[in-house]
Amino acid sequence: MSSLPAGISHDALADLLLALADDELVLGYWDSEWTGIAPLLEEDVAMSSMAQDEIGHALAYYSLLAPHSGIDPDAYAFGRTPPEYRFARLLGHARTDWGFTIARRYLYETADAVRLESLSRSAWPELAGLTAKMRREEAYHLLHLETWFTTFMSAAPSAAERFRANLAQLWPDALDLFAPLPGEDELLRCGILPEPMSTLGARWEATVRPRLEAASVAVPLNSATLPPRSGGQHPDFSWLWNEMTMVYRLELGAVW
Amino acid sequence: MSAVVNEASVRAALRDVVDPEIPTISIIDLGIVRAVTVDAAGVQVEIIPTFIGCPAIGVICDDVRARLAEFGPVEVRVCYDEPWTSERITPYGRECLKAAGFAPPAHVRVVEGGTFPLTLHQVVPCPFCDARNTRLENPFGPTLCRAIYYCPTCRQPFEHFKAV
């Protein structure tokens with residue numbers, strides 16, 4: 001059963017699917033750290049539930065790639081060295097405090113919504129179907145974030161200022177979610193990617209930048225100085241990688 | 001045992017397979033069996049998950065294989081050819097959920113393009129006393145598919161099977 005559009009190379013397919021999967025996997029792992037220590041009991045449950053969604057989405061993306069690469073989804077998730085991961089710089093940072101976590105999620109989820117809407121129109125039916133399903137689940141994440149965005153912005157000045165500073169700090173790294181992919185020309189030609197990443201990035205920025213500026217966030221001018229999708233090289237990630245791959249590395253090839 | 005192998009008999013057998021997290025509802029009534037085909041190669045079943053990250057999917061697929069073993073070779077495929085939505089739960093399935101203390105999902109109108117108008121202000125009647133003045137405590141619950149509500153009339157917390 002192969003409905004994969006003809007003419008796509010494995011490398012180009014991996015460029016897209018590993019970027020998507022690694023973003024979701026690493027965000028899921030960072031945010032799962034709130035289980036047990038979130039500021040409210042309800043947030044413990046909410047953050048754990050959303051982290052489980054993200055890790056499930058990562059598994060689904062790795063599983064789409066697996067039949068074409070012959071590589072097991074677990075080997076993608078846990079069998080690579082930190083620099084081999086393809087997630088965006090936004091996801092390299094440690095979870096830090098609650099405001100930082102919410103600021104990152106706000107930027108990530110609004111960007112992911114733009115990405116998923118586009119991918120649900122992919123010429124590859126499996127990817128279109130999967131991302132259409134994800135959009136329904138992510139609707140709950142977006143509602144959660146809208147609530148927290150409003151809560152922080154109307155909080156005591158010290159909390160609101162810190163939240164604004166987090167958003168401004170993370171903005172350049174969030175743009176990395178829309179960095180051009182190495183195999184993008186091929187992906188576009190086959191219709192797997194319906195639109196260039198730069199188009200998606202501009203669409204996201206056109207909705208989110210005015211929203212942030214209206215909330216008095218000092219959104220920086222865009223500047224790309226670091227290599228694209230180099231989140232795996234962030235110093236914070238080596239700690240998380242060690243944690244999340246520990247069991248996998250303990251006994252390679254173990255069957256559970 | 002020589003069971004009659006056709007789509008109807010396979011679907012009837014699948015009524016015995018339940019959601020391991022809510023064992024009062026069958027996977028047929030939950031609406032996650034998208035297609036059953038029977039041909040010379042055997043039986044093929046397509047499952048569409050309620051939530052992509054649902055950890056029960058592996059168990060459900062194993063249970064389907066075990067229940068259908070008497071019908072010959074069985075292939076179970078998890079797919080997203082169409083999204084599972086809470087509108088796929090049958091009327092009987094909604095009764096099963098309610099009998100187990102779960103409020104059935106509020107009805108959602110699916111609009112063109114795969115999105116749906118999600119609101120947290122939907123009326124979710126209490127599964128115990130049918131009061132309509134319940135309130136949402138948390139849109140996220142103990143599993144991906146559940147939200148937590150409270151009924152001030154009978155003073156019961158309860159779970160709502162999420163509309164999606």
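Since the model is a prediction, treat every value here as computed from it, not as a measurement. Labels below follow one simple rule: chain letters A, B, ... track the order of the sequence lines, proteins then strands, and each chain is numbered from 1.
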Query raised in the report: Between A:Glu43 and A:His144, is a side chain to side chain contact (heavy atoms under 4.5 Å, CB included) present by the stated rule, with each step listed?
Result: CA-CA 10 Å; A:Glu43 285 306 318; A:His144 176 264; 2.7 Å; yes

Query raised in the report: Of B:Phe102, B:Phe161, B:Phe158, which meets ring-ring contact (aromatic ring centres under 6.0 Å, His included) against B:Tyr149?
Result: B:Phe158

Report summary line: The interface call for A:Leu130 against chain B, heavy-atom contacts under 4.5 Å, is both

Query raised in the report: Is the number of heavy atoms from other residues, nucleotides or ligands under 6.0 Å of A:Arg249 CZ greater than 12?
Result: yes

Query raised in the report: Where does A:Met47 contact chain B at under 4.5 Å (heavy atoms): side chain, backbone, both or neither?
Result: neither

Query raised in the report: Between the side chain of A:Lys133 and the main-chain N/O of B:Glu82, is any donor-acceptor distance below 3.5 Å?
Result: no

Query raised in the report: Between B:Ser86 and chain A, which part of the residue has a heavy atom less than 4.5 Å away: side chain, backbone, both or neither?
Result: neither

